[in-house]
Amino acid sequence: MNKLINDPADVVAEALLGIEAAHPDLRVDHQHKIVYRGDAPRRGKVGLISGGGSGHEPLHGGFVGPGMLDAACCGEVFTSPVPEQMLEATKAVDGGAGVLHIVKNYTGDVMNFEMAAELAAETGVEVLSVVTDDDVAVQDSTWTAGRRGVGATVLLEKIAGAAAEQERTLKEVADVAREVNANARSMGIALTSCTVPANGKPTFELGDSEMEVGVGIHGEPGRRRVPLAPAREIADLLLEPILADLPFSRGDRVITFVNGLGGTPLIELYLMYNEVAKILSAHGIETARSLVGPYITSLDMAGCSVTLLRASDELLQLWDAPVRTPALRWGI
Amino acid sequence: MNKLINDPADVVAEALLGIEAAHPDLRVDHQHKIVYRGDAPRRGKVGLISGGGSGHEPLHGGFVGPGMLDAACCGEVFTSPVPEQMLEATKAVDGGAGVLHIVKNYTGDVMNFEMAAELAAETGVEVLSVVTDDDVAVQDSTWTAGRRGVGATVLLEKIAGAAAEQERTLKEVADVAREVNANARSMGIALTSCTVPANGKPTFELGDSEMEVGVGIHGEPGRRRVPLAPAREIADLLLEPILADLPFSRGDRVITFVNGLGGTPLIELYLMYNEVAKILSAHGIETARSLVGPYITSLDMAGCSVTLLRASDELLQLWDAPVRTPALRWGI
Amino acid sequence: MTDGRISIEQLTGWLLEFARLVTEHRDELTTLDAAIGDADHGTNMERGMSAVVLGLGGDTVGALCKQAGMTLVSTVGGASGPLYGTFLLRFGSSAGDATELSAAQFAAAMRAGLDGIVSRGKAEREDKTMFDALAPAVEALEAGAGGSLVEALRAAAEAADKGRDATVEMLARKGRASYLGERSIGHQDPGATSAALLVRAAATTLA
Amino acid sequence: MTDGRISIEQLTGWLLEFARLVTEHRDELTTLDAAIGDADHGTNMERGMSAVVLGLGGDTVGALCKQAGMTLVSTVGGASGPLYGTFLLRFGSSAGDATELSAAQFAAAMRAGLDGIVSRGKAEREDKTMFDALAPAVEALEAGAGGSLVEALRAAAEAADKGRDATVEMLARKGRASYLGERSIGHQDPGATSAALLVRAAATTLA
Ligand SMILES: Nc1ncnc2c1ncn2[C@@H]1O[C@H](COP(=O)(O)OP(=O)(O)O)[C@@H](O)[C@H]1O
Ligand SMILES: Nc1ncnc2c1ncn2[C@@H]1O[C@H](COP(=O)(O)OP(=O)(O)O)[C@@H](O)[C@H]1O
Ligand SMILES: [Mg+2]
Ligand SMILES: [Mg+2]
Ligand SMILES: [Mg+2]
Ligand SMILES: [Mg+2]
């Protein structure tokens with residue numbers, strides 16, 4: 001297992017020590033594995049909390065800071081955090097205006113956040129939850145666990161963070177967050193598996209000329225395995241279901257997000273971005289803003305995902321608002 | 001070969017199309033494969049040019065913008081650009097105050113930049129060159145090609161960029177750049193090889209429990225191959241020669257840079273950062289600033305490098321100055 | 001189920017044995033999860049049950065099991081943490097202040113635990129989850145009301161194993177495996193596998 | 001070398017043959033470079049020589065070779081671009097306006113090219129570079145001054161091959177391979193290998 005780690009059981013705890021050491025304006029609660037904005041709680045501001053399994057870095061700890069999250073609760077690798085963590089974070093970031101939980105739609109995450117919200121309600125903190133489920137690879141059905149939350153989560157945390165910074169009410173921030181999720185669609189592809197440290201071997205085996213289409217961010221196998229294709233065909237494969245699903249239409253303005261899954265270098269992501277941009281312009285869809293890089297990863301998996309967010313002027317303004325976190329920063 | 005590409009011969013050209021599409025405030029000359037700051041040339045400002053083989057992204061194209069480079073010349077993968085590119089860029093960014101070439105110390109880069117500088121001299125543009133050679137893995141000797149330029153290049157481009165932004169003279173900017181190089185040391189380790197697209201297979205084979213110590217950023221084998229070790233031992237292995245070489249001393253203030261080589265995810269880099277921070281504090285060396293992430297990569301290689309820069313107050317001020325590039329951004 | 005009552009020591013032994021089995025089968029559980037999930041079920045369960053073992057105690061069955069359930073909720077995470085945690089919490093509530101359980105009380109507590117899982121996770125029969133191993137086991141316990149505890153537990157363990165095996169052919173409709181659609185068919189559910197271990201542990205420790 | 005003169009068509013043929021050999025040996029050159037460098041020497045040389053082939057032309061030997069040299073400088077990059085480019089530029093300068101070369105003029109032009117490589121790259125004997133294949137070849141050409149061109153070219157090709165083979169045991173002191181220190185020993189230098197192809201191409205096309 002070619003990883004820069006010590007004991008696999010300590011990966012999350014030790015990475016948190018590194019985050020703390022590297023980012024003096026964040027605060028880390030090592031007992032509860034929570035990354036806090038240094039100046040939380042902010043009086044009058046809605047507190048924004050997210051969290052989930054680790055292994056998706058910079059999500060979520062790298063998105064803590066002014067203009068984005070107030071706290072990130074870090075679970076074990078690919079394992080949702082436990083209710084106690086979210087309860088603790090909720091109490092710590094409440095500045096009197098309530099707390100928004102940003103939850104990716106996985107059974108474990110949803111249940112653990114739900115339990116935390118129930119417990120928080122008992123302490124009197126007002127909590128609303130938003131669940132992201134933007135992954136079009138998964139059939140949406142009341143008979144399944146529903147779609148996964150993937151790339152939209154990054155865009156949502158930024159945009160809701162900006163709304164919270166403007167001291168909007170909890171309901172308003174939650175509405176903006178839901179608007180982002182409702183207008184975002186994603187799809188991902190893997191060229192290699194990832195290796196969970198505690199497991200020590202690749203979660204699935206993929207030949208040198210195969211790929212998994214429709215993967216999430218946990219090394220789950222995708223919807224289907226097909227022969228490796230050139231980037232331009234992969235872009236088609238990713239965009240076709242995305243564009244059809246919302247559906248996106250000629251004239252739409254979007255934020256285009258090409259995300260690396262952790263083991264794919266930036267040069268390939270830019271190359272993919274070019275393919276995506278060509279398809280979008282052929283469809284008359286205008287990229288108003290873009291994001292290219294590894295922002296929601298799956299450990300060392302090679303591959304990428306594409307997220308499109310249909311963005312109103314208001315969402316774009318919130319996107320442009322200053323943000324100062326380890327992984328996203330502009331304007332300050 | 002698990003890569004998101006089309007024809008291996010087109011990787012660089014197509015990635016440049018992606019960079020152009022994703023970053024409207026940059027300008028790309030596709031014929032010469034040059035990434036320009038949108039508003040170059042800036043009258044009265046020293047022009048800063050770097051470049052080298054591609055495959056190290058975000059270096060150098062991702063460091064073009066206010067506060068950093070004016071232009072980046074992109075060679076083929078792992079192949080230094082040709083003199084024509086640097087000549088073209090030199091003429092294009094000269095705002096009357098001369099142009100600084102930032103060159104990593106590789107035979108090919110040095111020769112191609114030299115030829116470009118000779119040609120530029122004929123056109124009347126004043127050119128100075130700074131060569132980075134911070135890699136302590138390589139014996140420094142008049143009998144060899146000398147040390148490689150690696151991580152220090154990133155720090156130097158930022159700091160010299162800030163000095164140029166202050167409208168210092170060409171000589172002054174070059175002096176600052178040389179000061180950075182003189183006070184920086186790096187060392188790298190690989191847990192996997194990279195795969196050059198045109199070659200289609202890993203440059204070297206490394207077993208699951210081996211690592212190459214003292215690698216550069218081109219998939220060259222390192223100084224030696226040893227059994228894979230825990231992160232804390234790797235940190236020792238990397239820091240020991242760095243600390244001994246300058247040497248760094250108790251009380252020194254440094255910029256600590258833990259760099260990912262392209263295939264290693266951020267969670268591992270933070271874990272490594274923690275190990276590095278522990279060793280530094282044991283040596284009484286104070287980290288004044290830090291940088292953690294994949295900034296000078298080697299395609300999809302798994303591994304990392306550590307760079308320490310002993311930084312005066314002036315260098316730190318220049319580091320803190322606003323910068324606005326795709327890969328490094330703060331203050332604006 | 002008329003013979004024998006289940007002591008608090010036996011219930012403690014049950015949880016210890018479950019912890020032992022989870023560790024013994026950790027890699028198997030993780031490998032099953034790798035095929036249709038995210039390769040952590042063995043790690044998750046081992047982390048949780050190790051913590052349970054360290055904190056085992058309580059004067060009543062209710063206290064014992066609630067403590068264990070809370071520990072699972074606060075150490076496991078993922079889907080299995082809240083589900084197994086809720087199972088034990090509800091089991092404990094059902095048993096209440098009792099210091100020993102009759103076979104019927106045990107069956108009732110198991111039913112309460114299973115209902116807890118359903119109320120948390122909304123699983124239905126043949127969704128390919130832990131429910132598919134646990135539900136037949138609880139039914140066997142209930143059906144065995146007239147016979148011996150040993151017999152009932154053995155029948156429950158067999159029912160759980162059969163339910164676990166039946167998950168192989170199911171198309172997943174809950175949890176991560178549901179993302180795979182048709183590709184989930186042919187793989188045994190990891191949660192059903194650990195649930196069968198829980199019932200097997202009961203059969204070897206409670207009678 | 002009294003028999004025969006080398007026409008501009010033959011020199012054109014030389015460069016064409018070198019391009020052909022480079023393509024034929026592309027993967028070998030890259031594999032050699034993978035062992036002690038960065039796995040691009042075959043790709044680099046093929047890219048450069050393909051461009052040379054497309055632009056071949058000129059009324060004089062000087063024009064032909066300078067054009068080819070400029071093309072290498074502006075398409076190859078890396079270490080080999082400036083080195084092979086300078087080689088051909090200096091070769092062309094040495095030949096000047098001639099439209100054919102005597103054997104002695106050819107040897108002198110080769111010497112000038114080699115000197116160009118040395119002035120660009122500062123390589124010395126046994127640094128494990130292209131110099132170690134080219135220098136013995138140039139010496140053989142010079143030494144063959146009294147014999148036949150065919151003989152001299154054959155001797156040069158043999159000397160280049162021998163020089164190339166000798167790089168295997170050398171410890172690299174220039175270029176990327178020098179980073180490897182002792183580990184560079186045991187591997188044949190890619191640049192010396194392509195240089196031996198250049199000389200072999202001369203032997204098969206110029207006599
Ligand atoms: N909604 C649900 N109801 C009941 N059991 C479920 C549900 N969702 C998942 N499970 C069970 O949880 C198991 C997976 O547990 P685990 O791997 O520990 O959690 P995660 O899926 O979060 O990684 C599945 O094999 C399945 O048996
Ligand atoms: N200073 C030098 N003088 C002569 N030849 C050199 C020198 N440095 C490198 N070379 C030659 O260049 C070859 C490598 O070329 P190539 O792989 O194309 O360039 P790069 O090393 O930039 O990737 C080496 O095998 C060696 O023969
Ligand atoms: Mg999990
Ligand atoms: Mg090269
Ligand atoms: Mg799992
Ligand atoms: Mg090379």
Side-chain angles (χ1 to χ4, degrees), chain A residues 1-7 11-12 14-19 21-23 54-55 57-58 62 77 191-192 206 208-209 211 228 230-232 234 256 258 262-275 277 287 290-292 294 297 299-300 302-304 324 326-327 329-332, chain B residues 1-7 11-12 14-19 21-23 54-55 57-58 62 77 191-192 206 208-209 211 228 230-232 234 256 258 262-275 277 287 290-292 294 297 299-300 302-304 324 326-327 329-332:
Chain A
M1 180 174 39
N2 288 308
K3 290 188 188 291
L4 295 165
I5 60 173
N6 296 305
D7 186 330
V11 167
V12 176
E14 293 181 352
L16 282 173
L17 287 167
I19 288 180
H23 303 291
S54 293
E57 292 65 25
V77 171
L191 305 187
T192 68
L206 204 53
D208 212 33
S209 47
M211 59 187 188
L228 185 62
R232 67 176 68 87
I234 293 177
T256 304
V258 172
T264 283
L266 197 52
I267 188 169
E268 295 177 37
L269 298 180
Y270 275 118
L271 194 149
M272 276 301 300
Y273 186 82
N274 176 48
E275 298 301 337
T287 293
S290 67
L291 186 66
V292 182
T297 62
L299 293 170
D300 53 349
C304 73
R324 180 182 180 146
R329 182 165 175 186
W330 53 75
I332 30 178
Chain B
M1 179 173 42
N2 287 308
K3 290 187 187 293
L4 295 165
I5 60 173
N6 296 305
D7 185 330
V11 167
V12 176
E14 293 180 352
L16 282 172
L17 287 168
I19 288 181
H23 302 292
S54 293
E57 292 66 26
V77 170
L191 304 188
T192 68
L206 203 54
D208 212 33
S209 47
M211 59 187 187
L228 185 63
R232 67 176 68 87
I234 293 177
T256 303
V258 172
T264 283
L266 197 53
I267 188 169
E268 295 177 37
L269 298 180
Y270 275 118
L271 194 149
M272 276 301 299
Y273 186 83
N274 176 46
E275 297 301 337
T287 292
S290 66
L291 186 66
V292 182
T297 61
L299 293 170
D300 53 349
C304 73
R324 179 182 179 145
R329 181 163 176 187
W330 52 75
I332 28 177

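Quick note on labels: first sequence line is chain A, next is B, and so on, each numbered from 1. All values reported here derive from a predicted model rather than from experimental measurement.
Considering only heavy-atom pairs separated by less than 4.5 Å from chain A, the leading option among B:Leu17, B:Val292, B:Leu299, B:Leu269 is B:Leu17. Chain A forms the most heavy-atom pairs under 4.5 Å with one residue out of B:Asn274, B:Leu4, B:Ile332, and that residue is B:Leu4. Heavy-atom pairs under 4.5 Å with chain A peak, among B:Gly262, B:Gly62, B:Pro265, at B:Pro265. Ranked by heavy-atom pairs under 4.5 Å with chain B, the list A:Thr256, A:Ile19, A:Leu206 is led by A:Ile19. Ranked by heavy-atom pairs under 4.5 Å with chain A, the list B:Leu266, B:Leu291, B:Ile5 is led by B:Ile5. Taking B:Glu14, B:Met211, B:Arg324 one by one and counting their heavy-atom pairs under 4.5 Å with chain A, the maximum is reached by B:Glu14. Ranked by non-hydrogen atom pairs under 4.5 Å with chain B, the options A:Asp7, A:Val77, A:Leu16, A:Val11 are led by A:Val11.
For B:Ile267, the parts lying under 4.5 angstrom from a heavy atom of chain A are both the backbone and the side chain. Of the atoms belonging to B:Val258, not a single heavy atom falls under 4.5 Å from chain A. Proximity to chain A is limited to the side chain of B:Ile234, based on heavy atoms less than 4.5 angstrom apart. Proximity to chain B (any heavy atom under 4.5 Å) is restricted, for A:Ala277, to the side chain, taken from C-beta onward. When heavy atoms are compared at a cutoff of 4.5 Å, B:Thr264 approaches chain A by way of both its backbone and its side chain. With a 4.5 angstrom heavy-atom cutoff, B:Pro294 does not touch chain A via any of its atoms. Contacts of B:Ala22 with chain A are made by both backbone and side-chain atoms, with heavy-atom separations under 4.5 Å.
Checked against the 6.0 Å centroid criterion, the rings of B:Tyr270 and A:His23 qualify as a close aromatic pair.
Here the side chain of B:Ser209 pairs no donor or acceptor atom with the backbone of B:Leu228 at under 3.5 angstrom. Of the possible donor and acceptor atoms, none in the side chain of B:Glu275 sits under 3.5 Å from a partner among the backbone N and O of B:Tyr273.
Contact of the A:Asp300 side chain with the A:Thr192 side chain is not registered, since no non-hydrogen atoms from C-beta on lie closer than 4.5 Å.
Note that CZ of A:Arg329 and CZ of B:Arg329 are 10.0 Å apart. Values are rounded to the nearest 0.5 Å.
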